[in-house]
Amino acid sequence: MDKRLLSILVCPLCKSGLHLDEQQHELICRIDKLAYPIRDGIPVMLVDEARTLTPEEIQAL
């Protein structure tokens, strides 16, 4: 994932910055507790495509 792209992407719900989870290939919104997938190097920034983080994942952040 291009670091420049990551620096300008924000959560579509709350407009906060995102954290890159390289192992899971996801962009994480800590505020909304959502994980947006990255498919073929392209972030899918649709709320309907995001998954809700588990309580364990939230604690690990």
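Values below: all heavy atoms of this structure, side chains included; hydrogens, waters and symmetry mates excluded. Treat the numbers as computed from the prediction; the structure is a model and nothing was measured.
- Heavy atoms only, all atoms of each residue included: Pro37 and Ala50 are closest at CD-CA, 4.4 Å.
- Between the Asp40 side chain and the Ile42 main chain, no donor and acceptor come within less than 3.5 Å of each other.
- Looking at heavy atoms from C-beta onward, Leu13 lies out of side-chain contact with Cys29 at the 4.5 angstrom threshold.
- By the criterion of side-chain heavy atoms lying less than 4.5 angstrom apart, applied directly or through intervening Ile, Leu, Val, Met, Phe, Trp or Tyr residues, Leu20 is grouped together with Leu5 in one hydrophobic cluster.
- Note: the hydrophobic cluster containing Ile38 also contains Leu34 (ILVMFWY, side chain heavy atoms under 4.5 Å, direct or indirect links).
- Inter-residue side-chain proximity for Tyr36 and Val47 is flagged as met; some heavy-atom pair is nearer than 4.5 Å.
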Apply side chain to side chain contact (heavy atoms under 4.5 Å, CB included) to the pair His19 and Glu26, showing each step before the final yes or no.
CA-CA 8 Å; His19 170 73; Glu26 295 176 321; over 6 Å; no

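- You'll find the side chain of Arg4 stays beyond 4.5 Å of the side chain of Leu6, heavy atoms only.
- Remark: Lys15 NZ to Asp32 CG distance equals 10.0 Å, nearest 0.5 Å.
- In terms of heavy-atom proximity, Cys14 sits nearest to Ser16 at SG-OG, 3.0 Å.
- Contact record, Leu27 with Met45: CD1-SD, 3.9 Å, taken as the closest heavy-atom pair.
- A salt bridge links Glu57 and Arg51; the closest N-O separation between the charged side-chain nitrogens and carboxylate oxygens is under 4.0 Å.
- Proximity of Cys11 to Leu18: side-chain heavy atoms (C-beta onward) are separated by under 4.5 Å at one or more points.
- Linking ILVMFWY side-chain heavy atoms closer than 4.5 Å, directly or via other members, places Leu46 and Ile28 in two distinct hydrophobic clusters.
- With values rounded to the nearest 0.5 angstrom, Ile31 atom CD1 is found 8.5 Å from Lys33 atom NZ.
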